[in-house]
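Counting starts at 1 for both ligands and their atoms, in listed order.
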Amino acid sequence: MSLFCGTAFRRKSFWCSRLLSTYVTKTRYLFELKEDDDACKKAQQTGAFYLFHSLAPLLRKSEHQYLAPQHSLLDLKRLLGKLGQDMQRIEDSVLIGCSEQQEAWFALDLGLNSSSSINASLQKSEMEKELKGSFIELRKALFQLNAKDASLLSTAQALLHWHAAHQFCSRSGQPTEKNMAGSKRVCPSNKIIYYPQMAPVVITLVSDGTRCLLARQSSFPKGMYSALAGFCDIGESVEEAVRREVAEEVGLEVERLQYTASQHWPFPNSSLMIACHATVKPGQTEIQVNLRELEAAAWFSHDDVATALRRNNPYTQQQSGAFPFWLPPKLAIANQLIKEWVEKPTCSTLPA
Ligand SMILES: NC(=O)C1=CN([C@@H]2O[C@H](COP(=O)(O)OP(=O)(O)OC[C@H]3O[C@@H](n4cnc5c(N)ncnc54)[C@H](O)[C@@H]3O)[C@@H](O)[C@H]2O)C=CC1
Ligand SMILES: [Mg+2]
């Protein structure tokens with residue numbers, strides 16, 4: 001049997017799907033939708049749409065959480081009709097995933113200037129009223145979403161952002177065309193294909209064996225400290241990027257390094273966060289903060305970090321006017337790194 005069950009794969013044969021796990025079937029279905037514009041257009045008929053306005057997702061408040069509502073193609077057509085908009089706008093949707101039952105999920109930005117519609121941006125407040133929700137900046141809402149919606153909306157926002165920023169071919173200057181799924185753009189004049197990209201970023205929790213090193217940029221919310229992060233330079237390995245970033249930002253040399261996890265991060269552009277634990281050379285713990293990159297950096301004890309992790313409402317200003325020391329929220333990979341270290345302070349054991 002061939003890897004893709006030949007044409008049977010494309011027809012989603014009963015035999016084929018019986019042999020493959022749900023996950024593999026789903027993955028192959030998504031692959032098909034990315035490759036085949038007609039199949040993708042067909043999937044829109046039964047698919048679900050997540051709506052955005054100028055890259056802010058449509059959300060509904062439910063107690064302490066935000067929920068991301070889904071809309072059918074019919075709902076969407078009804079909305080566009082009511083607002084006197086062109087149905088062509090639906091072609092700007094991008095594929096962002098599918099359910100286990102192969103219901104395809106799309107994202108559509110109704111606020112960006114459409115390449116396929118002659119109509120200008122739709123009125124935001126009019127749409128919010130019709131859709132019974134609000135378009136809220138993802139940065140403000142991310143931590144009040146469940147993990148599934150957070151991941152889906154991050155992907156959607158990153159992909160919509162990429163399309164909005166790659167409307168023209170950098171060689172010919174001509175407008176590029178998106179495929180139906182939005183997994184690429186092509187220049188019609190020279191056939192150059194552009195694919196969505198993520199910038200690799202290393203994020204490192206440095207420890208000296210008993211304490212961990214946390215830092216803050218002036219742009220961070222008051223009181224919040226995080227692990228050291230930095231974009232990989234071209235040509236660098238992850239190990240080299242960690243070593244350079246730690247040296248650049250706090251003037252220390254990393255001795256041991258251990259990869260732990262990764263995360264897509266949509267802000268400000270799409271990044272792939274690569275999270276590592278590292279230790280410094282014994283006795284070489286004197287921090288020299290690079291003030292062009294950071295506002296402050298310091299060593300924190302296990303107790304201080306464990307207490308900060310348990311803090312529920314970090315934004316509360318103290319009576320003195322100061323903000324307590326707090327850490328990035330659970331959905332951020334920085335939080336995972338810090339939590340791992342609190343649970344096992346000696347987790348960086350491999351040579352760098
Ligand atoms: N999800 C998480 O838990 C966390 C995510 N982050 C993310 O990590 C990213 C990198 O952290 P920083 O300390 O700001 O990086 P950084 O230490 O590399 O400094 C940023 C500077 O690097 C330069 N740079 C080099 N390549 C760049 C590129 N491809 N895109 C943008 N700037 C580039 C720019 O001059 C920029 O001002 C940030 O975007 C931040 O949002 C940071 C901490 C936690
Ligand atoms: Mg940095």
Side-chain angles (χ1 to χ4, degrees), residues 55 137-145 147 149-155 157-158 161-162 164-166 170 194-207 212-254 257 259-278 287-298 300 305 308-309 311 314 325-342:
L55 299 177
E137 246 186 85
L138 189 57
R139 243 185 208 283
K140 291 185 184 151
L142 190 68
F143 301 116
Q144 290 174 66
L145 289 165
D149 281 354
S151 160
L152 209 55
L153 295 185
S154 295
T155 303
Q157 200 243 33
H161 188 214
W162 182 81
H166 291 81
S170 59
Y194 294 90
Y195 293 100
Q197 287 179 339
M198 297 192 279
V201 172
V202 288
I203 176 159
T204 315
L205 189 65
V206 177
S207 162
C212 78
L213 198 160
L214 298 169
R216 53 173 282 109
Q217 295 180 9
S218 54
S219 58
F220 283 7
K222 289 199 167 54
M224 191 188 90
Y225 279 73
S226 186
L228 299 174
F231 290 93
C232 294
D233 277 351
I234 203 143
E236 265 181 344
S237 65
V238 167
E239 294 84 343
E240 286 165 340
V242 168
R243 212 165 164 229
R244 177 186 52 76
E245 274 297 327
V246 174
E248 236 174 61
E249 298 199 343
V250 291
L252 293 172
E253 271 208 54
V254 162
L257 175 68
Y259 165 81
T260 182
S262 66
Q263 172 186 54
H264 169 250
W265 191 244
F267 315 117
N269 295 311
S270 233
S271 296
L272 176 64
M273 306 294 304
I274 303 156
C276 300
H277 291 278
I287 297 170
Q288 285 177 18
V289 181
N290 180 343
L291 294 171
R292 288 175 73 167
E293 297 264 335
L294 300 173
E295 185 182 81
F300 290 81
V305 177
L309 266 186
R311 205 161 276 145
F325 157 55
W326 61 284
L327 299 164
K330 277 198 185 107
L331 276 175
I333 202 160
N335 182 287
Q336 183 185 327
L337 264 177
I338 296 165
K339 195 162 166 274
E340 280 171 0
W341 179 78
V342 164

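With salt bridges taken as basic N to acidic carboxylate O contacts below 4.0 Å, one links Glu137 and Lys140.
Summarising the geometry of Arg244 relative to Asp233, their closest heavy-atom pair is NE-OD2, 3.4 Å, with the distance given to 0.1 Å. Taking each heavy atom of Leu205 and Leu213 in turn, the nearest pair found is CD1-O, 3.8 Å. Taking every heavy atom of both residues into account, Ser262 and Ile333 meet most closely at C-CD1, 3.4 Å. Leu55 and Gln157 get closest at one heavy-atom pair: O-CG, 3.4 Å. Between Leu228 and Leu294 the shortest heavy-atom distance is CD2-CD1, 4.1 Å. Nearest heavy atoms, Leu327 versus Ala308: CD1-CB, 3.7 Å.
For atom 5 (C) of ligand 1, the protein comes within 4.0 Å by at least one heavy atom. In this structure, atom 23 (C) of ligand 1 has no protein heavy-atom contact shorter than 4.0 Å. Per-atom contact check: atom 35 (O) of ligand 1 does not touch the protein, criterion being a heavy-atom distance below 4.0 Å.
Atoms of ligand 1 found under 4.0 Å from any heavy atom of Trp265 (numbered from 1 in listed order, with element): 1 (N), 5 (C), 7 (C), 41 (O). Heavy-atom contacts of Phe267 reach the following atoms of ligand 1: 39 (O), 41 (O) (cutoff under 4.0 Å). Counting atoms of ligand 1 from 1 in the listed order, those under 4.0 Å from a heavy atom of Pro268 are 39 (O). The contact set between ligand 1 and Glu245, taken as ligand atoms under 4.0 Å from a residue heavy atom, comprises 17 (O), 18 (O).
Here's the thing with Ala334: one of its N/O atoms is less than 3.5 angstrom from an N/O atom of ligand 1. The shortest N or O to N or O distance between Ala229 and ligand 1 is under 3.5 Å. Annotation: Ser271 places no N or O atom under 3.5 Å from an N or O atom of ligand 1; distance criterion only.
Closest to atom 14 (O) of ligand 1 among all protein heavy atoms lies Gln217 NE2, 3.4 Å. Protein heavy atom closest to atom 16 (P) of ligand 1, with residue, atom name and distance, is Gly230 CA, 3.6 Å. What sits closest to atom 19 (O) of ligand 1 on the protein, heavy atoms only, is Glu293 OE1, 3.5 Å. Among all protein heavy atoms, the one lying closest to atom 44 (C) of ligand 1 is Ile203 CD1, 3.5 Å. The protein heavy-atom contact nearest to atom 17 (O) of ligand 1 is Glu249 OE2, 2.7 Å. For atom 29 (N) of ligand 1, the nearest protein heavy atom (residue, atom name, distance) is Phe231 CD2, 3.5 Å.
In this structure, a donor-acceptor pair under 3.5 Å is present between the side chains of Thr260 and Glu340. No side-chain donor from either of His161 and Ser270 sits under 3.5 Å from a side-chain acceptor of the other.
Taking the six-membered ring for Trp and the full ring otherwise, the centers of Phe220 and Tyr225 sit at least 6.0 Å from each other.
Between His166 and Trp162, the ring planes lie parallel to each other; the angle is under 30°, not in the 30° to 60° tilted range.
Taking 2.8 Å as the threshold, Ala229 counts as a candidate ligand of the Mg ion (ligand 2), since one of its N, O or S atoms lies below it.
When the shell of 6.0 Å around CD of Glu295 is examined, it contains more than 12 heavy atoms from other residues, nucleotides or ligands.
The Mg ion (ligand 2) sits nearest to atom OE2 when only the N, O or S atoms of Glu249 are considered.
Using a 4.5 Å cut-off on side-chain heavy atoms (C-beta onward), Ile274 and Ile203 make no contact.
Within the set Arg139, Gln336, Gln263, the minimum heavy-atom distance to atom 1 (N) of ligand 1 is found for Gln263.
For the pair Glu248 and ligand 1, no heavy-atom separation below 4.0 Å is found. Residue contacts with ligand 1 do not include Pro328, since none of its heavy atoms lies under 4.0 Å from the ligand.
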